[in-house]
Structure formats: C-alpha cells, structure tokens
*Asks:* 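Please read through the structure below; I'll follow up with questions.
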Amino acid sequence: MTHWADVIAEDLLKRGDKHRIATGITPSGHIHFGNLREIIIADAVRRAVEEKGGKAEVVYVADTFDPLRRRYPFLPEEFEKYVGMPLSEIPDPEGECHENYAEHFLQPFLESLDVLGIDLVVKRADQMYKSGEYENHIRVALEKRDKIAEILKEVSGREVEKDWSPFNPLCKNCKRINSAKVKGFDDKGAYYSCSCGYEGYASFREGKLTWRVDWVARWDILRITCEPFGKDHAAAGGSYDTGVRIAKEVYGFEPPYPIVYEWIHLKGVGAMKSSKGIVVPVKDLVEALPPEIIKYIIIRTKPERHIEFDPSMILEVFDEFEDAYRRKDRSVQLSIVGDVVYSDVSFRHLVVVGQIANWDLEKALEILSRTYHVDDTVRKDVERRLIYAKRWLEKFAPENLKFKIKEEIDAEFSEEERRFLRTFAEKLEEDMSPERIHQLVYEVARELNVKPAKAFQAIYKAILGKNYGPRAGYFIKSLGIEWVKKRFKKV
C-alpha cells in the first residue's frame, strides 16, 4: 500500500513544487508526545515531497504571545497574578533558567527536535507581532471587522458581541492581552479601554489578532501551503472552516492543504493535555527511546486514527519496528534519522543482556557473542541502543522486566523442583541454541511429569529468586551454560 505521507506529497506536488508546511504549539506547559504528532506528520510529508523531487520546509510557530489562560496545577500560587498576560512577558516559573515562561517550556522541546533530526524554521509569535510582520493583516482585519463577524456567524453559528474586535490590544497598565476592548483605530494602531480601568492607545505591534483570524493571517504572512492540525479545529464550523472563508473573502488567498490528525491517548488516562498534567514530556521520551522509534509510533499510523500510547509496553513497538526494518517498510524509511543501521540484536534482548552485564558495553558484547557474530555493525548498534535500553528500563519499564542476578540462593525449593533442575542441568550442553534450550525445558518437564509452568518457575527462582523472568532460552544462553549448570547443581 502507498504510504499516507506519499499520498499527501503527491497531492501537494499537483499544486506546485515548493511547499511550506506549518505547525504550531502554545508553550503553556510541558510540550508532550501528543503535541509532537503534528510536527512528525509535517516532517514526514516534507521528506516525501523532497524525495519526489519537490522542495519543502517545515515552519514551526511557537504561540508565545498567547495569554496564560489560568494558573495551571503545576504553577506556584503567585502565578495567579500573571493570568491574562502573554507567555513571553511572564517570568520563568522555575526561577531564572530561561528568559521567560514561554522559553522555559519551548527550549527543551526544540532541543528534542534536534535529537529527532527534524529540521525546521522556528518563528516566535511575540517576535512576529513586535517586529511588525502582522501590521498589514491587523489593519485589514479591523477594516473588514463586519465581514469577519458575518463569516463567524454563518460558519460557526456564533454571533459576536457588538463590541467584538479581531484585534486584542496589550494593556499598558495591567499588561494583559485579553482584557481590553478596541474603541476605535487609525492607520497605525487602536484606541482601547481595559477592564482594569485604563484607557490608552496600542500600535499594531502591541497586541495580537484573535485566534481564528491570527491563524489565517499567519498562513498568508509565512506563505503556508500545508498544515497538519488536530480534529478539534477540523470540526464542522470550527477554526479551519472559518479560516477558509476568511482567507478567500478577507485576505484574498487560497488556504493551505489540510491534514487532520487524531489525538494521542495515554493508555488508561486519556488524551494528553498540558493544562491537566496528563503528559509524557518529549524531553523524557528522547532520553529513553531512539529517535526512530518515537517517529515510527506516529508515522506508522494514518493521521486520522488515534494512537493509544503506553511507554511501559514499548517492547512490542520495537519488535514491530525491527521486523519492518528488515522488510524495508516505508514507515521505517521515513522514521530513520541519519545513517543508523540496525543489527539482528533485538531491543528486547538488549534489555536482558544489559541487566546481566550491569550495563557494561564490553561485557554485553561478550554475552552477545554466545549467540551472535559480533562485527562492527553489531558493536556500533549495541553501543548506541544499550544506553536507551538502560534509560527506558529506569524511566518507563514495568517492574516485572527488571531483575538482578542473585549472588546467593535464598529461595526454597520442593523436591520436584530440585529434581527438575538437576536433570535439566545434566542435559544442558554448551553448543545448544537458545531455541533448543527453551525446548529442553519442556522435554525434561514432560519426562519428569512436571508442569512446564513449575519448571520455568524453578529456573527463575534459582537465578533471580522470583517466579518469573526473561525468555528462558536466551536468558540461560546469555548467562553462560557452564555458569547455569553449576548454579542448578548447587540448588
């Protein structure tokens, strides 16, 4: 099947050979994996356009001039006084580690995008407004205020208030950007009165357009030809529908090609939301997972389908990715960053080997040499992914995947278990493959009339002191046949 990114790229190339794909996020809290979906979609489309001979770039607009809507649960009480002020004009919530509130959440996200190999043009909304990039569009919006109001009513069914204006001045007194009303305007700015009691004048560089008009103006200013956005904006009568009309009838240009995407849900919790603290910050993910896996989770799924994400169950994603890598799957091709080459060593196995080797690279490679030919490709791959295996295990893995080899045997064993371990050790041979060792467990259990589950429990108790552990064949081979034989005979 043709990949969804290639289908979109072909549609775009029918419209022209140069494209600017927009994404935008308000840095009001931790920028999370759910936010990342639109940027990875945009990057996949960019890559597909370029591979088909076109030119494309991704433009990321950080909505740094948006007001702080309320004091979120993660903010100190004193931040109540900043509600309504632009994010770029509010102090860093954790002291002075960044220039302002917006940068505190934006910078770690941009650093994460570098790790993910996503190259983009970064625009900050506050700088765009302050530098005058929006001036002409604000002037047109004020002049055509009634037309915009008519469109909003016809498309969304919402009738604006009599004193509604498409421009929100920044009050010079209370510093809020959502509490002043425009009373009149001239060629360079607007007269306003604020709910704080202040009356003044704001130039077109001292305020911002309301969201539905701002979005359209941004398309025109930045020459956007394509944009992914969440399903909320795509709802009938929503932001995109009004945007199409405003673009054509107010500003006189064709709106960009839309890519509507569904939410990423945190399994068992719901859609990720910064304001409610339901997040997996992108920064945490890029530390714990290889960039190609993070991208693959999104790229393998059509944008219109929701993603159920559980960082603790990531091994299944690795299994799928590794299989798709061998098949040269298109989703993998669009996910790979740089010259990464995978070996035959699975991530699932690295999680086990890493713990046996206590995360020592040379020890891990020595263990792997019992089942793999360790060449330069394997060494380079293991050196890179062993670090991720350790971090993922520490940050996200369920407890049942974590283990430590017991130096002393302190579990109690029944006579049946002792008999199984003794017989199994006698039949275990140095040249057996992991698959053969696994099969041997069943053979010895059948011979001694022991239930297989009981047999596997005896193995894990003898090595780990608990009733469960990694897949037995690879586990025993990784530990070393002679070591295991001695341990079982000791029991």
Side-chain angles (χ1 to χ4, degrees), residues 1 3-5 7-8 23 25-26 29-45 73-74 109 112-113 115-116 118 228-235 238 258-325 327 329-337 346-348 351 385 388-389 391-402:
M1 291 179 67
H3 195 275
W4 61 261
V7 173
I8 293 170
T23 73
I25 296 165
T26 303
H30 290 291
I31 300 179
H32 54 74
F33 188 45
N35 300 136
L36 191 60
R37 187 169 196 179
E38 73 174 55
I39 292 180
I40 289 180
I41 287 172
D43 187 61
V45 172
F74 55 82
F109 181 65
S112 298
L113 294 183
V115 175
L116 291 168
I118 297 176
F229 50 83
K231 64 177 183 177
D232 53 337
H233 297 311
I259 307 173
V260 180
Y261 63 84
E262 258 281 4
W263 308 131
I264 294 180
H265 289 244
L266 196 55
K267 192 171 179 66
V269 181
M272 293 190 202
K273 294 185 183 297
S274 294
S275 60
K276 293 185 179 179
I278 304 173
V279 298
V280 176
V282 174
K283 184 175 181 294
D284 288 355
L285 273 185
V286 298
E287 288 176 356
L289 295 175
E292 65 273 12
I293 296 298
I294 296 172
K295 295 174 82 172
Y296 179 72
I297 292 168
I298 291 170
I299 290 173
R300 67 176 177 165
T301 306
K302 289 181 178 180
E304 63 268 24
R305 293 178 59 189
H306 95 276
I307 295 173
E308 196 80 14
F309 180 61
D310 184 350
S312 69
M313 299 298 289
I314 209 72
L315 291 183
E316 285 77 7
V317 178
F318 271 98
D319 291 343
E320 182 186 319
F321 179 90
E322 289 158 7
D323 176 63
Y325 179 88
R327 291 187 284 104
D329 182 87
R330 181 61 170 151
S331 290
V332 170
Q333 293 173 354
L334 291 168
S335 301
I336 288 288
V337 178
S346 71
F347 189 81
R348 188 181 289 272
V351 170
R385 289 198 293 148
Y388 287 113
R391 290 175 183 165
W392 173 75
L393 198 75
E394 291 169 348
K395 279 181 178 285
F396 298 116
E399 286 302 313
N400 65 354
L401 291 180
K402 301 175 184 179

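Below, each value reflects all heavy atoms present in this structure, side chains not excepted, and no hydrogens, waters or symmetry copies. Predicted model, so just to flag it, every value in this text is computed and none were measured.
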*Asks:* Quick one, Arg348 and Asp319 - any side-chain contact, counting heavy atoms below 4.5 Å?
*Replies:* yes
*Asks:* For the residue pair Leu116 and Lys295, establish whether any side-chain heavy-atom pair is separated by less than 4.5 Å.
*Replies:* yes
*Asks:* Counting N and O atoms only, with roles assigned by atom type, does the side chain of Arg300 sit under 3.5 Å from a partner on the main chain of Phe321, one being a donor and the other an acceptor?
*Replies:* no
*Asks:* Minimum heavy-atom separation for Ile297 to Ile314, with atom names?
*Replies:* CD1-CD1, 3.7 Å
*Asks:* Got a sec: does the NZ of Lys302 have more than 12 other heavy atoms crowding it under 6.0 Å?
*Replies:* no
*Asks:* Ignoring hydrogens and angles, tell me if any N or O in the side chain of Asp284 forms a donor-acceptor pair with the backbone of Pro281 under 3.5 Å.
*Replies:* no
*Asks:* Heavy atoms only: give me the nearest His306-Glu308 pair and the separation to one decimal.
*Replies:* NE2-OE1, 3.1 Å
*Asks:* Which pair of non-hydrogen atoms, one from Pro290 and one from Phe318, has the smallest distance, and what is that distance?
*Replies:* CD-CZ, 3.6 Å
*Asks:* May I ask you to say whether Lys231 pairs ionically with Glu262, meaning some side-chain N is under 4.0 Å from a carboxylate O?
*Replies:* yes
*Asks:* Nearest heavy-atom pair of Pro398 and Ser312: which atoms, and what distance?
*Replies:* CD-O, 3.2 Å
*Asks:* Regarding Tyr261 and Glu38, is there a side-chain donor-to-acceptor distance under 3.5 Å anywhere?
*Replies:* yes
*Asks:* With a 4.5 Å heavy-atom cut-off, do Tyr296 and Glu320 have their side chains touching?
*Replies:* yes
*Asks:* Between Phe347 and Trp392, how do the two ring planes meet: parallel, tilted or perpendicular, split at 30° and 60°?
*Replies:* perpendicular
*Asks:* Might you point out which heavy atoms bring Tyr388 and Pro291 nearest each other, and give the distance in Å?
*Replies:* OH-CD, 3.6 Å
*Asks:* Any heavy-atom pair between the side chains of Leu289 and Val317 that's under 4.5 Å?
*Replies:* no
*Asks:* Contact between Pro311 and Leu266 at the side-chain level, heavy atoms closer than 4.5 Å - yes or no?
*Replies:* yes
*Asks:* Does the ring centre of Phe33 sit less than 6.0 Å away from the ring centre of Phe309?
*Replies:* yes
*Asks:* Between Arg385 and Ser346, what is the shortest heavy-atom contact and its length?
*Replies:* NH1-C, 4.3 Å
*Asks:* Are the side chain of His3 and the backbone N or O of Ala5 linked by a donor-acceptor pair below 3.5 Å?
*Replies:* yes
*Asks:* Side chains of Tyr325 and Glu292: any donor to acceptor distance under 3.5 Å?
*Replies:* no
*Asks:* Less than 4.5 Å apart, side chain to side chain, heavy atoms only: is that true for Ile31 and Leu36?
*Replies:* no
*Asks:* In sequence, state the C-alpha distance, the side-chain angles, and the governing distance for Ile264 and Ile298, and then conclude on side chain to side chain contact (heavy atoms under 4.5 Å, CB included).
*Replies:* CA-CA 9 Å; Ile264 294 180; Ile298 291 170; 4.1 Å; yes
*Asks:* Can you tell if the side chain of Ile118 reaches within under 4.5 Å of the side chain of Ile40, non-hydrogen atoms only?
*Replies:* yes
*Asks:* Heavy-atom distance under 4.5 Å between the side chains of Leu315 and Leu401, does that happen here?
*Replies:* yes
